[in-house]
Amino acid sequence: LKEMAVAEIARKLELVARQWQRYDLPERRYALELLPQILPFSEPVCRQAIDALMESITTQRLLGLLDELLGSHKALDEFVDRPSGLKRRAFGADLAFLVLAGNIVGVGIWDIVFCLLCKTPVLVKPSSNQPVFPTIFARTIEKFAPELSQAVAVVPFPSEREDLMSIALRECDAVIV
């Protein structure tokens, strides 16, 4: 992941998002079958939420966000000139720990995408109530962007498991809740 150009990562993430917009994608159909059973939303609402989420994941938008934050998305690949004449480079964390809530369709997907975009491998602890969508999304990354799949791990475990939470918090450089 660290060696990939950020523009290539963005293109791969857009490819995954475009797959989710296909109504015949088995993972999409499976998610739309399960989500209404575990969330207080109907299938049409879940479908609309997934469509809106995935529609917004485009290469142009992802790189534009980095350009706004860093001055240039290329700062994650190499040293770039600043207006002051100095050069700078940005680095993502070595490992991020993402703790998700489970009451909203697609919660955490943008966080996974942004971690990968910043070349940060991510350990995802989905909500005990709704581990479905992040897990299925990670599978589609593996299927359509295998180069990124080694940087995403979705590991459901109860929050009461203080031993596991302690290890994750100790080993990760960034925590996103």
Side-chain angles (χ1 to χ4, degrees), residues 1-4 6 8-10 12-17 19-20 25-43 45-47 49-50 52-54 56-57 62 65-66 69-70 76 89-177:
L1 189 63
K2 301 272 187 211
E3 287 77 37
M4 287 182 73
V6 71
E8 181 63 17
I9 294 169
K12 300 236 180 245
L13 291 167
E14 180 177 12
L15 171 68
V16 171
Q19 297 303 313
W20 271 94
L25 180 72
E27 292 85 355
R28 176 191 168 95
R29 288 197 319 263
Y30 183 58
L32 288 173
E33 178 183 321
L34 291 178
L35 289 173
Q37 295 175 32
I38 55 180
L39 292 175
F41 303 112
S42 67
E43 188 271 341
V45 170
C46 293
R47 183 178 350 105
I50 289 172
L53 173 67
M54 297 303 167
S56 67
I57 300 173
L62 295 174
L65 286 169
L66 289 176
L69 292 170
L70 304 175
L76 285 160
R89 181 151 187 208
F91 296 91
D94 289 331
L95 181 61
F97 181 42
L98 178 56
V99 181
L100 301 181
N103 55 350
I104 300 172
V105 177
V107 71
I109 300 304
W110 257 103
D111 296 311
I112 294 169
V113 165
F114 208 74
C115 282
L116 294 174
L117 193 62
C118 292
K119 303 184 179 189
T120 298
V122 60
L123 172 63
V124 181
K125 183 209 170 299
S127 164
S128 300
N129 299 336
Q130 201 283 88
V132 172
F133 197 65
T135 303
I136 297 172
F137 185 73
R139 285 188 200 149
T140 58
I141 290 173
E142 183 176 4
K143 185 174 180 179
F144 298 106
E147 308 87 345
L148 303 179
S149 67
Q150 295 299 311
V152 180
V154 179
V155 183
F157 63 89
S159 296
E160 296 79 29
R161 287 288 310 269
E162 292 181 18
D163 57 329
L164 296 177
M165 287 294 281
S166 177
I167 291 168
L169 294 170
R170 183 176 62 244
E171 296 298 322
C172 294
D173 303 303
V175 178
I176 305 164
V177 180

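Classification of Arg29 and Glu33 as a salt-bridged pair fails, no side-chain N sitting under 4.0 Å from a carboxylate O.
The structure places NZ of Lys12 at 12.5 Å from CG of Leu116, a figure rounded to the nearest 0.5 Å. With values rounded to the nearest 0.5 angstrom, Ser128 atom OG is found 6.5 Å from Glu160 atom CD. Atoms CD and OG1, from Gln19 and Thr140 in turn, are 8.5 Å apart once rounded to the nearest 0.5 Å. Note that CG of Leu34 and OG1 of Thr135 are 10.5 Å apart. Values are rounded to the nearest 0.5 Å. Atom CD1 of Ile104 and atom CG of Leu39 lie 9.5 Å apart (nearest 0.5 Å). Remark: Leu117 CG to Asp111 CG distance equals 12.5 Å, nearest 0.5 Å.
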List the steps, then state whether side chain to side chain contact (heavy atoms under 4.5 Å, CB included) holds for Leu76 with Ile9.
CA-CA 11 Å; Leu76 285 160; Ile9 294 169; over 6 Å; no
For a side chain to side chain contact (heavy atoms under 4.5 Å, CB included) check, start with the C-alpha distance between Leu13 and Leu148, then their side-chain angles and the critical distance, and finish with the verdict.
CA-CA 9 Å; Leu13 291 167; Leu148 303 179; 3.9 Å; yes
For Glu43 and Arg47, run salt bridge (charged side-chain N to carboxylate O under 4.0 Å, His left out): C-alpha distance rounded to whole Å, both residues' side-chain angles, the deciding distance at 0.1 Å, then the answer.
CA-CA 6 Å; Glu43 188 271 341; Arg47 183 178 350 105; 2.8 Å; yes
Output, in order, the C-alpha distance, side-chain angles, deciding distance and verdict of side chain to side chain contact (heavy atoms under 4.5 Å, CB included) for Ile109 and Met54.
CA-CA 9 Å; Ile109 300 304; Met54 297 303 167; 4.3 Å; yes
Hey, mind stepping through Leu62 and Ile57 against side chain to side chain contact (heavy atoms under 4.5 Å, CB included) and telling me if it holds?
CA-CA 7 Å; Leu62 295 174; Ile57 300 173; 4.0 Å; yes
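Under the 3.5 Å distance criterion, the side-chain polar atoms of Ser149 are matched with a main-chain donor or acceptor of Pro146.
Considering every non-hydrogen atom in both Thr120 and Ala93, the closest pair reads OG1-N, 3.0 Å. Between Ser56 and Trp110, the shortest heavy-atom distance links the atoms OG-NE1, 3.3 Å. Closest non-hydrogen pair, Ala138 versus Val154, comes out as CB-CG2, 3.7 Å. A pairwise comparison of heavy atoms in Pro121 and Lys2 identifies CD-NZ, 4.4 Å as the closest pair. Residues Cys118 and Leu66 approach most closely at SG-CD2, 4.1 Å, considering heavy atoms. Between Leu100 and Gly108, the closest heavy-atom pair is CD2-CA, 3.4 Å.
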Which pairs of donor and acceptor atoms, one on a side chain in residues 169-177, lie under 3.5 Å apart (sequence neighbours left out)?
from   : atom 1 : to    : atom 2 : distance (Å)
Asp173 : OD2    : Asp94 : N      : 3.0
Asp173 : OD2    : Leu95 : N      : 3.1

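More than 12 heavy atoms of other residues, nucleotides or ligands lie within 6.0 Å of CD in Glu147, so this atom counts as buried by the packing criterion. For Gln150, the CD atom sits in a loose shell: 12 or fewer heavy atoms of surrounding residues, nucleotides or ligands are nearer than 6.0 Å. By the 6.0 Å contact criterion, OH on Tyr30 is open, its count of non-hydrogen atoms from other residues, nucleotides or ligands being 12 or less.
Ring-plane geometry between Phe137 and Trp20 is classed as tilted, the angle between the planes lying from 30 to 60 degrees on a 0 to 90 degree scale.
Looking at heavy atoms from C-beta onward, Gln130 lies out of side-chain contact with Val105 at the 4.5 angstrom threshold.
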